[in-house]
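Here's the structure we're looking at; comments come further down.
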Amino acid sequence: MDVVIGAGPAGRTYAMILAEAGREVLLLDRNGEEGIGGKCLNEACVVLGALIEAARLVVWAKLGIPGVELDVGDTDFRRLTRSIRKVVEAIRQRLIKETKRTGVEIRRAEAVKVDESLNVHTKDGDVLEADRVLIATGSRPAIPEVEGMDSDAVFTFREILEMEVPSELCVVGGGATALESAFAFAALGSEVVLAYRSRILPNAPEEVRREILKDLELVGVNAVCAGELRAIRETSSGVECRFERGATVADAVLLATGLEPNSDVAANSGLPLRKDGSVVVDDSMRTPRDGVYAAGDVTGPPYLTPVARYEGTVAALNALGKDVRRENPLAPRVIRLFRDFGRLELRGIDWEGSLPAPVGGPAFWMLHHGIGGKMVCRKRGVTTEAFIVAPRIAPMLPYPCCVEPDWRLIEVHPTPDPMIGLLKQLGLRRTLGE
């Protein structure tokens, strides 16, 4: 029997591939069926993406289109989050049905370790015998070790659906989650301070950062270079965040200070970890212990859902006896504000410079308001980095090779273009049928 620990994208993909190939597969998750879809569906990118789409509607209503008058009125955040939960549940039920249809058994259990004999030990004291084990326990918010983190007014992306829209919100961080959260809450009614350590998206070109700041300014976000977070304290006037370069007071604090591998099971199992806590694997997704694989966020960055699915596929095909290596497929990254901001590595292209993005659809009316798009390319080693600023990015990307696992491109997630996923599924079935 194959035992899979974690029902996120990597674990579910691995489980389904093996079950479809006739293997007996047990999928463990501490949340049982409610854990299907992992962090992305239940807490992170899908949830935050839904808030951003609502925020974009608010911005469009305020900007307006000549001849079309819209009146959004006050936003009802509780009603909005209830609707998000309802849709997330509908998606989850589809994933559960799809998973079970392949023959996978889903069980609520919290694994604590895998011993040398490949027995999986659970928190309740059960011991499950396995022929192979996949550790796909994902990632969790990286919390700074400073005073005040236990305050009830401090949140991470995991608690966004539990929040009210605060009058004043301090978002700590300068990465994708911080920028998206600041944009969404500002558009939905909060006065937002975005406190970043040195600069937002430090690896992005300056002209791309300027465009990001334009989108944040559009909804009133006050972005400040605050340095390191030193402490959080509750005061009579609110929650005070003390930084290296000053302090700010708000009703609530949203920490968006990065992710770290959720590698407790691997550590308890005596598996080697890197300095960042990620599980050591080879390019077949095997750990140094025979019969134990690891895939997804628990193996470290880039912490992307499509990459987790890709790694789960590589691990599964190797578990089926195929000699498959994890390559380095192109993995676009997108930040969703009023516009999409994407980064993609291009190979075989030797060009630097910038070009205006194509104009059509929402880009037309953005230009009416002086908000444009562009593509910026720069050389970095043997590759060229392309940074794209446009209303929507995924449809602009080329389609991948259809045969798994030799993907030349991993799609943006969540993508508005379902053709990429359909092509991959067809390619995967073709590979398994060989």
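It should be emphasised that the depicted structure is a prediction, and the values quoted were computed from it without experimental measurement.
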- Verdict with supporting geometry, N268 and V114, side chain to side chain contact (heavy atoms under 4.5 Å, CB included): CA-CA 8 Å; N268 294 339; V114 182; over 6 Å; no
- Just do the side chain to side chain contact (heavy atoms under 4.5 Å, CB included) check on V221 and V171 with the steps written out, would you? CA-CA 10 Å; V221 173; V171 178; over 6 Å; no
- Dump the intermediate steps for disulfide (SG to SG under 2.5 Å) on C40 and C45, then the final yes or no. CA-CA 5 Å; C40 181; C45 48; 1.9 Å; yes
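Using a 4.0 Å cut-off between a side-chain N of Lys or Arg and a carboxylate O of Asp or Glu, K39 and D297 qualify as a salt bridge. By the 4.0 Å N-to-carboxylate-O rule, R339 lies close enough to D215 to be salt-bridged with it. D340 and R56 are joined by a salt bridge, as a carboxylate oxygen and a charged side-chain nitrogen come within less than 4.0 angstrom of each other. One finds a salt bridge joining E98 and R12 here, because a Lys/Arg side-chain nitrogen approaches an Asp/Glu carboxylate oxygen to under 4.0 Å. One finds no salt bridge joining R101 and E20 here, because no Lys/Arg side-chain nitrogen approaches an Asp/Glu carboxylate oxygen to under 4.0 Å. Salt bridge E162/R85: present, at least one basic N to carboxylate O contact under 4.0 Å. With respect to the salt-bridge test (charged N to carboxylate O, under 4.0 angstrom), the residues R343 and E385 qualify. Under a 4.0 Å N-O distance rule, the pair K214/E211 qualifies as a salt bridge.
Interatomic distance, L337 CG to L216 CG, rounded to the nearest 0.5 Å: 5.5 Å. One distance of note links CD1 of I84 with CG of L51; it measures 4.0 Å at 0.5 Å rounding. We find the OH-CG distance between Y293 and D2 to be 8.5 Å, quoted to the nearest 0.5 Å. To the nearest 0.5 angstrom, L28 atom CG is 11.5 Å from I135 atom CD1.
With no hydrogens or angles considered, no side-chain donor-acceptor pair links S284 and R326 at under 3.5 Å. Between the side chains of D276 and S278, a donor-acceptor pair is found at a separation under 3.5 Å. Neither side chain, H121 nor D126, offers a donor N or O lying under 3.5 Å from an acceptor on the other.
Put simply, the side chain of T75 never gets that close to the backbone of F77: no donor and acceptor are under 3.5 Å apart. Side chain of D76 to main chain of R79: a donor-acceptor pair is present (N/O by atom type, distance under 3.5 Å, no hydrogens or angles). In this structure, R108 contributes its side chain and E34 its backbone to no donor-acceptor pair below 3.5 Å. Judged by distance alone, with hydrogens and angles left aside, the side-chain atoms of R274 form a donor-acceptor pair with the main-chain N or O of V279 at under 3.5 Å. Without hydrogens or angle criteria, E244 side chain to G227 main chain gives no donor-acceptor distance under 3.5 Å.
The side-chain contact (heavy atoms from CB on, under 4.5 Å) test with L27 singles out one residue from I36, V3, I5, and that residue is I36. Paired with L134 under the rule side-chain contact (heavy atoms from CB on, under 4.5 Å), one option of V292, V4, T13 passes, and it is V4.
When the side chain to side chain donor-acceptor pair (under 3.5 Å) test is applied to N262, the partners found at least two apart in sequence or on another chain are R140. For E240, the side chain to side chain donor-acceptor pair (under 3.5 Å) criterion is met by R233, R242, not counting sequence neighbours.
No side-chain heavy atom of E168 sits under 4.5 Å from any side-chain heavy atom of S190.
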